Number of protein chains: 2
Amino acid sequence: MRSPCLPDSLSADDLARIEQLVARRRRVLREDVLYRMGDRGGTLYAIRLGHFKSLQADRRGGQHLTGFQMAGELLGMDALGTGLHGSTAVALEDSEVCEIPYARLLELMPRMPGLLAHFHQMLGREILREQAVMIFLGNMRADQRLASFLLDLGERYAMRGYSARSFLLRMSRDDIAGYLGLTLECISRQLARFRRNGWIRLDKRAIELTDRDALLALAAGLQPALPIDSDSARAHAA
Amino acid sequence: MRSPCLPDSLSADDLARIEQLVARRRRVLREDVLYRMGDRGGTLYAIRLGHFKSLQADRRGGQHLTGFQMAGELLGMDALGTGLHGSTAVALEDSEVCEIPYARLLELMPRMPGLLAHFHQMLGREILREQAVMIFLGNMRADQRLASFLLDLGERYAMRGYSARSFLLRMSRDDIAGYLGLTLECISRQLARFRRNGWIRLDKRAIELTDRDALLALAAGLQPALPIDSDSARAHAA
DNA sequence: CGGGTGCTTGACTCGCGTCAACCAGGGTGG
DNA sequence: CCACCCTGGTTGACGCGAGTCAAGCACCCG
């Protein structure tokens, strides 16, 4: 049986070797810090179970959320450059990770070119993901950002075998706002708007994307700003 | 004499080996495309001379600028994940690059652990840089973004032995706007504001940061929004 | 000289941040 | 068990920053 920590593309032989270098598993409780900005790096964390958020301190006390990670994804790569972590990782719920010392990974690399390539792919994907975020932070409106975000979450759940339509938001509205570069109130309003328009159904943190096409169109900027602005629609009705 | 393509931390022996794998140098003229989004990747480009911008197509025709690269920096890493380039690189002026086939780099890795580490450091730095951009796209005002941008450019020039105070903006206002997630007009206005406040001197694309401390304070968010808003100050004077 | 490109400046609009009140659920302690 | 508070979320009113539209300017090139 394959460890969820590791790539599918490796041989059984490779796998055995790798199991050794997974020094240990570690449980992380909700709100606990996996590593903190400025900590010495050198360990990669494969998430076995649970969800994390990673955040970065703004120079003026503020905090910005740079990403959400779920089971099957990798954490800790931000320390490769300087040796120090550039962000803080916090568990959104009780979670479990595999600790993989980078040094041991390097030792194994020569004998396992497949591993190296896979590792680079994960790094490359991370760079791509961040570029995608930069795009919506750079030039999308609040509703487009939120739609993109919800669709992205759904896709990632789908990749892991869950539903892309219906899932639980593991993070607070405030976290979402931080990630999307918006405010908590704005998120709340946009969610309400989506609900009124019938794009989504929402109960607390449980969400169902009832009209993914509409969300896709919105995210892609096809909608003429506000399809029929439901706010003004309400005003007219009144 | 050391090649500007490659890390300083390598032995002379390593260097000789590496010179072989730099398949060829390539000249790229102004406005020419080094690689295009969707192109097959697999080659890394070390910039020997000149400046580049990299941009990504928004799903709806729009374009977002994801970075500026100068001599001594690396391009093409965004293809590591999927094998295809996720962005387009365009020369801002006549430039020259070293083409480094990724496959050859992989071959050499086992014999040169230093090279691998260095390579990972560049990847890690790229991830960090993008996170920094996400921060200012996410929660800084236009003036703060611009101040950060100018200071960052200066620092990068300083690292390469040029002045951090006085340099040439190689890109158009429109490019800057694209990168900072703002509009061309907004950049122009903010530059004018900086100039009126005496933070900078500006002549066409030549810029001098005459008061870096003020810019730093602004970027850090220490300024109470607008110190004494020079616009209204002008209005009072009139 | 004309025309084009890159930049500046102004007037107006509007999306989103800010401030603030209010509401719902959940945990605690009397 | 109910009263209480406290946290997380919703909703409203208002103002500001930045986008948009548009006119005008400086420079370069043919």
Side-chain angles (χ1 to χ4, degrees), chain A residues 30-31 53 58 62 64 92-93 136-147 168-196 200 202-207 218 221 223-227 229-232 234-235 238, chain B residues 30-31 53 58 62 64 92-93 136-147 168-196 200 202-207 218 221 223-227 229-232 234-235 238:
Chain A
R30 182 166 189 278
E31 291 291 297
K53 62 179 172 183
D58 203 335
H64 182 81
L92 287 171
E93 60 190 331
F136 68 63
L137 286 182
N139 39 24
M140 305 208 320
R141 287 191 320 271
D143 51 359
Q144 297 177 300
R145 298 186 200 188
L146 185 56
L168 220 64
L169 297 169
R170 302 314 219 284
M171 67 297 287
S172 71
R173 309 290 144 116
D174 202 27
D175 286 338
I176 299 177
Y179 181 60
L180 297 180
L182 299 167
T183 57
L184 166 171
E185 295 95 326
C186 183
I187 299 297
S188 185
R189 272 187 254 270
Q190 294 300 340
L191 282 174
R193 205 162 74 76
F194 286 6
R195 183 155 40 75
R196 280 200 302 273
I200 64 172
L202 186 65
D203 175 34
K204 277 199 41 137
R205 294 196 178 177
I207 191 168
L218 181 59
Q223 301 285 1
L226 305 180
D229 182 352
S230 55
D231 293 344
S232 54
R234 233 175 29 128
Chain B
R30 182 165 188 280
E31 291 291 299
K53 64 179 171 182
D58 203 335
H64 183 82
L92 287 171
E93 59 189 330
F136 70 62
L137 286 182
N139 38 25
M140 305 209 321
R141 287 191 320 272
D143 51 358
Q144 297 177 300
R145 298 185 200 188
L146 184 57
L168 220 62
L169 297 170
R170 300 316 218 286
M171 67 296 288
S172 71
R173 309 290 143 113
D174 202 27
D175 286 338
I176 299 178
Y179 180 60
L180 297 179
L182 299 166
T183 58
L184 167 170
E185 294 95 326
C186 183
I187 299 296
S188 184
R189 272 188 254 272
Q190 293 301 339
L191 282 174
R193 206 162 73 76
F194 287 7
R195 183 155 40 78
R196 280 201 301 273
I200 65 172
L202 186 65
D203 175 35
K204 278 202 40 141
R205 294 196 177 176
I207 191 168
L218 181 58
Q223 302 285 359
L226 304 181
D229 182 352
S230 56
D231 291 346
S232 56
R234 229 173 37 125

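Here the structure is a predicted model, which means the values were calculated and not measured.
Whole-Å rounding puts the B:Lys204 NZ to C:dG6 P distance at 11 Å. The CD1-C1' distance, from B:Ile176 to C:dG6, rounds to 12 Å in whole Å. Regarding B:Leu137, its CG atom lies at a distance of 13 Å from the P atom of D:dA18, rounded to whole Å. Spacing between atom CG of B:Asp203 and atom P of C:dG6 amounts to 18 Å, rounded to whole angstrom units. Remark: C1' of C:dT8 and CZ of B:Arg193 are 16 Å apart, rounded to the nearest angstrom. In this structure, A:Arg145 atom CZ and C:dG17 atom C1' are separated by 12 Å, rounded to whole Å. Residue B:Ile187 contributes atom CD1, which lies 15 Å from atom C1' of C:dT9 at whole-angstrom precision. Here C:dG6 presents its C1' atom at 14 Å from CG of B:Leu169, a figure rounded to the nearest Å.
Heavy atoms of B:Arg205 sit under 4.0 angstrom from primed sugar atoms or phosphate atoms, though from no base atom. Residue contacts for A:Ser188: at a heavy-atom cut-off of 4.0 Å it reaches a base atom on one of the strands shown. B:Leu182 comes within 4.0 angstrom of sugar-phosphate atoms only, judged by non-hydrogen atoms across all strands, and of no base.
Between the side chain of B:Arg189 and the base of D:dT20 there is at least one donor-acceptor pair of N/O atoms closer than 3.5 Å. A donor-acceptor contact under 3.5 Å is not formed by the side chain of A:Gln190 with the base of C:dC16.
By the 4.5 Å heavy-atom criterion applied to side chains, A:Arg145 and A:Leu137 are counted as neighbours. Side-chain contact between A:Glu93 and A:Met171 is absent, with no heavy atoms from C-beta onward closer than 4.5 Å. Under the 4.5 Å side-chain criterion, counting only non-hydrogen atoms from C-beta, A:Leu182 is not in contact with A:Leu146.
Look at A:Ser172 and you won't find any side-chain N or O under 4.0 angstrom from OP1 or OP2 of D:dG8. Taking side-chain N and O atoms only, B:Thr183 has a distance below 4.0 Å to OP1 or OP2 of D:dG19.
Side-chain proximity of A:Glu185 to C:dT9, D:dG19, C:dA20: nearest is C:dA20. Among the nucleotides D:dT11, C:dC16, D:dG9, the one closest to the side chain of A:Cys186 is C:dC16.
Distance check, rounded to the nearest 0.5 Å: CG of A:Leu184 to CZ of A:Arg189 gives 10.0 Å.
The heavy-atom pair separating B:Leu218 from B:Ala147 by the smallest distance is CD2-CB, 4.1 Å.
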